[in-house]
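Residue numbers count from 1 along this sequence.
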Amino acid sequence: MGVLAATTLSAIADTATLVTATGSHPIAVEIADTPSAREIGLMNREKLDKGTGMLFDFKQSRPVSMWMKNTLIPLDMLFVASDGEVVRIARNAKPMSLDVIPSGKPVRYVLEINGGEAASYSVKAGDHLEHALIKR
């Protein structure tokens with residue numbers, strides 16, 4: 001699994017921009033747009049650099065549930081509608097937890113970043129995520 005994690009880390013070559021009341025915040029993202037990439041997500045990583053994350057694309061809007069199985073670090077999960085609007089934020093999801101974290105509404109994307117980073121960007125529901133995948 002260590003080789004997979006190292007390979008996935010090298011896949012960061014894309015940037016999303018989180019637009020909040022405090023400005024535009026670029027985030028280097030890996031894209032998880034296949035069933036296997038979404039299933040693995042950020043599992044088994046011992047750290048996530050500041051200003052980086054993973055953008056999950058579910059290809060269509062639908063209710064989404066996430067969990068922290070085999071995830072070693074706390075994460076903030078931003079549930080994002082197809083137009084880029086942040087509709088829900090799950091803050092500091094507990095590492096290794098099997099608790100289900102629901103989107104609450106249909107979403108197409110989930111952005112996972114380090115636990116606490118959403119607060120540092122002052123993210124709230126209604127803010128926007130910009131990325132080439134997201135059509136506004």
Side-chain angles (χ1 to χ4, degrees):
M1 196 57 90
V3 172
L4 178 61
T7 302
T8 306
L9 276 173
S10 67
I12 294 178
D14 214 349
T15 302
T17 303
L18 191 53
V19 181
T20 73
T22 60
S24 296
H25 308 279
I27 300 169
V29 293
E30 297 174 55
I31 305 298
D33 60 357
T34 65
S36 61
R38 288 190 300 265
E39 183 179 336
I40 294 168
L42 292 171
M43 288 181 176
N44 301 306
R45 308 248 184 128
E46 294 181 2
K47 72 174 202 148
L48 184 63
D49 290 338
K50 183 178 179 182
T52 66
M54 182 169 281
L55 180 59
F56 293 76
D57 180 0
F58 291 92
K59 305 292 186 180
Q60 63 184 13
S61 291
R62 62 182 176 88
V64 170
S65 293
M66 306 291 279
W67 66 353
M68 295 289 287
K69 179 180 179 183
N70 297 324
T71 304
L72 308 175
I73 54 177
L75 296 173
D76 288 343
M77 297 178 189
L78 283 63
F79 294 90
V80 181
S82 60
D83 67 354
E85 180 182 353
V86 176
V87 298
R88 180 174 187 262
I89 304 158
R91 298 177 191 272
N92 285 303
K94 183 180 175 185
M96 306 297 285
S97 173
L98 298 181
D99 293 343
V100 175
I101 303 167
S103 59
K105 296 181 180 180
V107 297
R108 178 168 171 177
Y109 309 98
V110 175
L111 176 64
E112 291 185 341
I113 55 180
N114 277 305
E117 278 196 86
S120 73
Y121 300 135
S122 299
V123 181
K124 63 181 181 354
D127 288 341
H128 279 87
L129 184 67
E130 296 176 349
H131 185 272
L133 290 172
I134 300 171
K135 309 294 186 237
R136 283 189 66 169

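In this structure, R91 and A118 approach most closely via the heavy-atom pair NH1-CB, 3.5 Å. Here the closest non-hydrogen pair linking I101 and A93 is CD1-CB, 3.7 Å. Across all non-hydrogen atoms, the minimal contact from V123 to D127 is CA-OD2, 3.4 Å. Of all the heavy atoms in F79 and A90, the pair that sits closest is CE1-CB, 4.1 Å. When all heavy atoms are compared, the tightest approach of P95 to P74 is CG-N, 3.5 Å. Residues D76 and N114 share a closest heavy-atom pair of OD2-O, 3.4 Å.
If you take NE2 on H131 and OG1 on T17, they are separated by 9.0 Å, rounding to the nearest 0.5 Å. Atoms CG and OH, from L129 and Y109 in turn, are 9.0 Å apart once rounded to the nearest 0.5 Å. Put simply, CG on D33 and CZ on R38 are 7.0 Å apart, with the number rounded to the nearest 0.5 Å. Here the straight-line distance linking atom CG of D57 with atom OG1 of T34 works out to 10.5 Å at 0.5 Å rounding. Here the CD1 atom belonging to I89 is positioned 13.0 Å from the CE atom belonging to M77, to the nearest 0.5 angstrom. Here the CD atom belonging to E117 is positioned 10.0 Å from the CG atom belonging to L75, to the nearest 0.5 angstrom.
Judged by distance alone, the side chain of S97 and the main-chain N or O of K94 form no donor-acceptor pair under 3.5 Å. Not one N or O on the side chain of R108 forms a donor-acceptor pair closer than 3.5 Å with the backbone of I134. The main-chain N or O of S61 is never found under 3.5 Å from a side-chain atom of S82 such that the two would form a donor-acceptor pair.
Proximity of I113 to Y121: side-chain heavy atoms (C-beta onward) are separated by under 4.5 Å at one or more points.
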- request: May I have the step-by-step check of side-chain contact (heavy atoms from CB on, under 4.5 Å) for E85 and K105, ending in yes or no?
  value: CA-CA 12 Å; E85 180 182 353; K105 296 181 180 180; over 6 Å; no
query: Where do L72 and M96 land on the side-chain contact (heavy atoms from CB on, under 4.5 Å) test, with the steps shown first?
result: CA-CA 6 Å; L72 308 175; M96 306 297 285; 3.7 Å; yes
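Placement of V29 and V19 in two distinct hydrophobic clusters is found when ILVMFWY residues are connected by side-chain heavy-atom separations under 4.5 Å, directly or transitively. Both I31 and L18 sit in one connected hydrophobic cluster of ILVMFWY residues. Membership requires side-chain heavy atoms under 4.5 Å apart, directly or through other members.
No more than 12 heavy-atom neighbours from other residues, nucleotides or ligands sit within 6.0 angstrom of NZ on K50. By the neighbour-count criterion of 12 heavy atoms within 6.0 Å, atom NZ of K59 is densely surrounded, having more than that number from other residues, nucleotides or ligands.
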